[in-house]
Structures are given as C-alpha cells and as structure tokens.
> 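Could you have a look at this structure, given as structure tokens, before my questions?
Letters go in sequence order (proteins before strands), and every chain restarts at 1.
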Number of protein chains: 2
Amino acid sequence: MVAKQNTQQKILDAAQSLFAETGFNDTSLRQITSLAEVNLAAVNYHFGSKKELIQAVLQRYLRVLMLRLDQEFNRLLAAQHPNNLTKVLAVFVKPLLELNLVNPNGTRIFLQLLGRGYSDVQGHLRWFINHHYGRVLDKFVLLVQQSCPELPASELFWRLHFSLGTIVFTMASNEALAEIAQADFSEEVDIEGVIQRLLPYLAAGIAAPVFISLQPQQQLRSGT
Amino acid sequence: MVAKQNTQQKILDAAQSLFAETGFNDTSLRQITSLAEVNLAAVNYHFGSKKELIQAVLQRYLRVLMLRLDQEFNRLLAAQHPNNLTKVLAVFVKPLLELNLVNPNGTRIFLQLLGRGYSDVQGHLRWFINHHYGRVLDKFVLLVQQSCPELPASELFWRLHFSLGTIVFTMASNEALAEIAQADFSEEVDIEGVIQRLLPYLAAGIAAPVFISLQPQQQLRSGT
DNA sequence: GTACATTTCAAACACTTGTTTAAATTTATG
DNA sequence: CATAAATTTAAACAAGTGTTTGAAATGTAC
C-alpha cells in the first residue's frame, strides 16, 4: 500500500519542499496539505500547530546531522596537534552529504531550510539551534579557535557569523544563483559543487589578517 | 508646523523603520500608518500599493548611494594600474556612511533594508537592483576582476555572491549580533564597526586561492 | 460483532491582510 | 468668496491565514 503512507510523513515531505522553495511564512497549511493530499486539519491534529510542524521538519535533519557532527568534532578534538582551519571546515561536508540518506535531495533541502529559517523567522531558529545543539557547536568554535590561535575571540565571533551568513544566504538563493551560473557560464552546479566552492572562501575569510584599527595609535604593543 | 510634515515622508519614515526591524512581509500597512499617524488609505493614495511603497523606501537610499558609488568606481577605473582588492572594497565605506545625511541612522537602516529585501522577497530585489543599477555594478565587477586577474570569471561570480550573502545576512541580523557581542565581549559595535570588520573578511575570501578539485578519494599523490 | 480509540473530513470560526469606495475635509486657484 | 482640485477619513470589501469543531470513517481489541 503506497497510498497508506504515514500521514505525518506525507505532511513532512510536502512541507519541507514548499518551505525550502517559498519560505516558512509564505507557505500556507493549505498548500502543504493539498500537495500532501491530506486534510487541512491533519497538520494541527498530528503536529499541533504550524510552528511545531516547522520544528519537526527541521528536527528530522538536525538530529542526524548534529549527531554526526558531534562525532567528527570529538575525533578532531582528540588529535594531539591543533588541526588546520581547512580541515576543520571540511568536516562538515560528509555529514551534510549524508543527509541525502534521510531523504532524496536531503542535503539541498536541509541547507535551503536553514537559509529560510534564519531569514524568515528572525531569531527563532538561532535560539532553537543554540538551545538544542549549543554544546555541539561549542566544540566547533573551540576547534576553530585552536586552529587560529592568534585570532581574538570577539573577532572570531564576528567572522563565524559572517560565514553563517554566507552559507545561509547562498543556500536560500541557491536556485536563483544556480540558474544564473548556468546561463552565464553554462556551468552545471549541484549542492556539492557549491559546498566545495564555499570552503576555500570561508577558510580564507575566517583566517584573514586582523584589521589594524586606524585609531590614533593604541599603545604600541604592551610588552608581553 | 512640525505637524504638517508631508504625509508621504511621514509614511516613508515610519515604513523604513518597521521594514528594517520586522521585514517587509511581516510589517502591515496598519502598523505603518498607525506609527506615521496617518490614515490607512494614505499609503495606497500616495504610493499606489505596498509593493510600490517598498520600492520608494529603497529608492530613497539607492538613488544617492549608486550615484556616489558610480563616481568612486569611475575614479578607480581611471587609474593607470589595477587597484588592489582591499582598496576596491573600501570604496563602499564612504558612500555608505554618507547615507546618514539622507536620514539619521540612514546607513544602518539602508543596510538592514537590503538584508530584508534579499531575504524576504526572494528574487524581487535582486531583479530590481540589477535592472536599475546593473551598469554601475558592472563597473565594480570589472574593478574586482582587474585586481584579481588570476580568478576565473565563474569563480568570481560565486565569491561575489558569497560576499553579498555575508553582508545581507549580517545586516539583517545586525541587532541580534550586536546584542550578543555586547553581552559576551562587552563590546559596543556600531554599524561602522561592523563594516570595518567585514572588509578584511571579504577581501580575504574573494582573493582566496582557487580550490583544486580533488577527485573522489585522493589518488595517492599523482606525479610531482 | 460490539465497543473503544484513533484518524479523517467538511465546515465554520475568528482574525489579519492589502485594497477600494464615496463622502467629508482641506488646500489652492481664479 | 466661490469653484475646483487635492487630500483625508471611516467604512467596507474580498481574499487569505491558522485553528477548532463535531460528526463520519477507519482501525483495533475483546
């Protein structure tokens, strides 16, 4: 019985596609239930509210991704010597691509959802991820810190958020950008290609030399 | 008569603040007209529609910014030798800060609007800017190309959009990020501070060494 | 098969949205 | 002042939103 696929899953599958494509706010429950071929009330019956549906859609990926990332982070943290930045960043690639096992196109959809989440419902997703997976992400920050020991913590904070912005925006605009690249450079780009292009950009940005404030001379190096 | 300020301007001022803070989609005309202390119908009477109001809000800044940017680009293009990347990027700073003359906090508000515009109404703003100011921005691309002659055009395309993402996301999240930085590093950050932190990051990212596509699994060092 | 719990369904609800209308008011013009 | 144009106003409109309801249908256990 293909038809008797769990209603919850039919909703999740329809919702994630529409959310990724149109954003959370601009996707109505009627669009979702109509694509999923279930009754409108099913969302509220099975998930409680639209907000909880959004969280369920994200959690399906976040749960497996964060578990895998945690493993990778622990592995790198166990190393004797600090890992170089490129290696630390590259650690995201495999766990991200493995999301294709959760769902066809899982990687692309999850990253688009991430983009939508940070743009659409400003603040909510940041809180949600930090609340549920802050401990995992702290390990990542530590790894970056070890690989760039000369970088002040506050500078690192900004640069990691710059990087988050790069990723989130690129993924939210993924479709549009891929179209342009196709038209202008007849270049076929899949999600893996974009990730591979992102890494060197991010690594270079994070490790960039710190800007010397052109203030009226700070005290020239306070003796160590 | 302070009270008899042009209704159009009262609307524009109220709209830009609310748009910057809450986004375009999540700001209703009733919120705007109530903050501006004008009648609800005034928006449609003076601007035609909400969409045209959004464009008017953006145009107020885009017009003066693009004019100034065009001047700067022409100045750099006239130089004998190619300009280095940092110099090319730094050219944005003054014109952006001059938006504070258009309106108090003009720089911050415009950049937030830009962030909202690219996130909220996916595609529209990209088209709008490209349509109206494509000629100006082409000069910028040319300048970057001259300063990074070794960078393939397609790679440059992606990296410039990565950079756009960094800027847009940072500005849309500006408030949240500044709060965190304040709490975690007791660091007071204004919009100019953020811009100064962005520049080295972007310059390094754009000029990063091109990634040498490593085939599936490293064939254990081929030759050399 | 009866009884019970789970799930589906159509309909309605309460609310918000952008936009339009037509009358009232203000402003400018001859 | 009187006339016409421009602006403001309150009210209504049509369409869309997420959510709730209570009865029908389905599934499960005894």
Side-chain angles (χ1 to χ4, degrees), chain A residues 1-59 113 116-117 119-125 128, chain B residues 1-59 113 116-117 119-125 128:
Chain A
M1 283 187 202
V2 179
K4 183 47 205 157
Q5 183 189 9
N6 209 349
T7 300
Q8 303 198 26
Q9 281 224 334
K10 287 203 287 184
I11 294 177
L12 285 175
D13 288 341
Q16 68 173 5
S17 300
L18 292 172
F19 283 154
E21 209 163 319
T22 331
F24 296 105
N25 288 334
D26 293 348
T27 300
S28 70
L29 294 185
R30 282 168 180 80
Q31 290 178 320
I32 295 172
T33 52
S34 137
L35 176 61
E37 297 181 301
V38 303
N39 188 274
L40 168 61
V43 170
N44 294 280
Y45 177 77
H46 285 287
F47 296 93
S49 66
K50 182 180 181 181
K51 190 172 177 180
E52 288 167 285
L53 171 63
I54 295 176
Q55 292 181 354
V57 166
L58 287 170
Q59 275 287 36
L113 290 174
R116 295 299 184 179
S119 327
D120 283 17
V121 281
Q122 185 55 42
H124 283 190
L125 184 58
F128 183 80
Chain B
M1 347 179 152
V2 179
K4 184 45 205 157
Q5 184 188 7
N6 207 351
T7 300
Q8 302 197 27
Q9 282 224 334
K10 288 202 285 186
I11 294 177
L12 285 176
D13 287 340
Q16 69 173 3
S17 300
L18 292 172
F19 283 154
E21 210 163 319
T22 332
F24 295 106
N25 288 335
D26 293 348
T27 301
S28 70
L29 294 186
R30 283 167 179 81
Q31 287 177 296
I32 295 173
T33 53
S34 136
L35 176 61
E37 296 181 303
V38 302
N39 187 275
L40 168 61
V43 169
N44 293 280
Y45 177 77
H46 285 287
F47 296 93
S49 66
K50 183 181 181 181
K51 191 173 175 178
E52 287 167 285
L53 171 62
I54 294 175
Q55 292 182 353
V57 166
L58 286 170
Q59 276 287 36
L113 289 174
R116 296 297 185 180
S119 327
D120 284 16
V121 281
Q122 185 55 41
H124 284 188
L125 184 58
F128 183 80

> What nucleotide, of D:dT19, C:dC9, C:dT19, holds the atom closest to the side chain of A:A41?
C:dC9
> Kindly compute the distance separating CD (B:E52) from CG (B:N44), expressed to the nearest 0.5 Å.
9.0 Å
> Between C:dA10, C:dG18, D:dA10, which one does the side chain of B:N39 approach most closely?
D:dA10
> Take atom CZ of B:F24 and atom P of C:dG18, then tell me their distance rounded to the nearest Å.
14 Å
> Between B:E37 and A:Y45, name the one whose nearest nucleotide on DNA chain D is closer to the 5' end.
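The residue mapped nearer the 5' terminus is B:E37.
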> Check every strand shown and say whether B:T27 touches a base, only sugar-phosphate, or nothing at a heavy-atom separation below 4.0 Å.
sugar-phosphate
> Quick one: closest heavy-atom pair of B:F128 and B:Q59, and the distance?
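B:F128 and B:Q59 have their closest heavy atoms at CZ-NE2, 3.7 Å.
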> Rounded to the nearest 0.5 Å, what separates atom CG in A:N25 from atom NZ in A:K50?
6.0 Å
> Check whether any side-chain nitrogen or oxygen of B:S28 sits under 4.0 Å from OP1 or OP2 of C:dT16, and answer yes or no.
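For C:dT16, OP1/OP2 do not have a side-chain N/O of B:S28 under 4.0 Å.
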> When we call it a touch if two heavy atoms are under 4.0 Å apart, what does A:A42 touch: a base, just sugar-phosphate, or nothing?
nothing
> Which heavy atom in A:V38 sits nearest to a heavy atom in A:K10, and how many Å separate them?
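Residues A:V38 and A:K10, closest heavy atoms: CG1-CE, 3.8 Å.
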> Could you pick out which residue, A:L40 or A:H46, lies toward the 5' side of DNA chain C when each is mapped onto its nearest nucleotide?
A:H46
> What about A:R30, does its side chain sit under 3.5 Å from the base of D:dG18 through a donor-acceptor pair?
yes
> Whole Å only: how far is the NZ atom of A:K50 from the P atom of C:dT16?
16 Å
> Grab the CG-P distance between A:L29 and D:dG18 for me, whole Å please.
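About 4 Å, once rounded to whole Å.
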> Could you state the atom-to-atom distance from CD of A:Q8 to C1' of C:dT6 in whole Å?
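For the pair A:Q8 CD and C:dT6 C1', the rounded distance is 12 Å.
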> Which of these nucleotides, D:dT21, D:dT17, D:dT8, is closest to any side-chain atom of B:T7?
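Nucleotide nearest to B:T7's side chain: D:dT8.
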